[in-house]
Amino acid sequence: LAEREWARSLGLHWMAISVVAGAGVASLAVVAALVFRIFSGWSRMQADSVDGLQLNGAPLVWRRVDDIVMGGRSSSALRSDRGGLVFSGSINTNGGGFASWRGRSRSGGPILSADTRALRVRLKGDGKCYKLTLGSGGGGPFSTAPTWQADVQTTDKSTTEVEIPLKDFVPSMRGQPVRGHVLRPAEMLEVGLMLSLYKAGGQKNPESTFGSGIFPFEARLEAVEAV
């Protein structure tokens, strides 16, 4: 998964797994408990789903992906509102720092056509810098496919409309921008909206466009279109 704080938590989990595994069979129960924690957190979030918006004419089903799955304390919700989706919640930067929802077509197939060149998004925000994401992998806690990210800066209580060329999406893996990947539109299975401690390029999201400590957020996704 794409977030650095999440990746750090995951790295700590794998470090612990390596240590206890080296200690012998008696430590297998500890390994199992760590893995169970990861997957149970993921499963709980995947149980939440919201229908809303369409992309390329396909209705989307959205699921939550917050930092809580790796021990973070952020939380978010998504609800339908007059044809759009309201993404809101609370970010807690103590041990985490991101919240997101990801939408897939009901069929589970690709959400973009091969000739898609950009995404046009209309977002009514709160002055924070959000990220629009694309993904082609399974999306689980151990996915090896990159998440493609692009920043969307909002204005408080105003609607921002921006067209983001696919070439401007940055591939991220285990919390870090990576090279050697090509975004193939026809392979994209999900689109998402995220608020994160880090921007798409890996630099820290400034306090002025993110927040600090524990703070609320709310943005209304009015439309996302493939062009």
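Keep in mind that the numbers below use all heavy atoms, side chains included, and drop hydrogens, waters and symmetry copies.
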Tell me the closest heavy-atom pair linking [X] and [Y], and the distance in Å.
X	Y	value
Leu55	Ala226	CD1-N, 3.6 Å
Thr154	Leu123	CG2-CD2, 3.5 Å
Phe217	Ala99	CZ-CB, 4.0 Å
Ser136	Leu189	O-CD1, 3.5 Å

Query raised in the report: Do Val170 and Val162 share a hydrophobic cluster, counting only Ile, Leu, Val, Met, Phe, Trp and Tyr and linking them when any side-chain heavy atoms are less than 4.5 Å apart?
Result: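 In one cluster: no.
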**Report entry** ILVMFWY network linking Met188 to Val121, side-chain heavy atoms under 4.5 angstrom
**Finding:** yes
**Report entry** Interatomic distance, Phe210 atom CZ to Lys204 atom NZ [nearest 0.5 angstrom]
**Finding:** 8.5 Å
Query - Rounded distance (nearest 0.5 Å) linking atom CG of Asn205 with atom OG of Ser212 - result: 12.0 Å
Query raised in the report: Pairs in or reaching into residues 78-89: which pass side chain to side chain donor-acceptor pair (under 3.5 Å), with residues at least two apart or in two chains?
Result: Asp81-Arg220
Query raised in the report: Which residue pairs pass the side chain to side chain donor-acceptor pair (under 3.5 Å) test when at least one of the two sits in residues 115-125, sequence neighbours left out?
Result: Ser113-Asp115, Ser113-Thr116, Arg117-Glu163, Arg120-Glu163, Arg122-Glu222
I'd like to know if the side chain of [X] and the backbone of [Y] have a donor-acceptor N/O pair within less than 3.5 Å.
X	Y	answer
Arg63	Trp101	no
Ser74	Asn92	yes
Asp151	Lys131	no

Report summary line: By ring pair (Phe, Tyr, Trp, His ring centres under 6.0 Å), Phe169 pairs with (sequence neighbours left out) none
Quick one: does [X]'s side chain get under 4.5 Å of [Y]'s, heavy atoms only?
X	Y	answer
Leu197	Phe98	no
Ile91	Ile214	no
Leu221	Val86	no
Val152	Met194	no
Asp126	Lys157	no

Please enumerate all residues that pass side chain to side chain contact (heavy atoms under 4.5 Å, CB included) together with [X], with sequence neighbours excluded.
X	value
Pro171	Pro146, Trp148, Val178, His181
Ser105	Ala58, Ser107, Ile111
Arg184	Val182, Glu187

Report task. Carefully, step by step, assess Ser76 and Asp66 under the rule side-chain hydrogen bond (donor to acceptor under 3.5 Å, both in side chains). Result -> CA-CA 7 Å; Ser76 68; Asp66 295 340; 2.8 Å; yes
Query raised in the report: Does Asp51 come within less than 4.0 Å of Arg106, counting only side-chain N to carboxylate O?
Result: yes
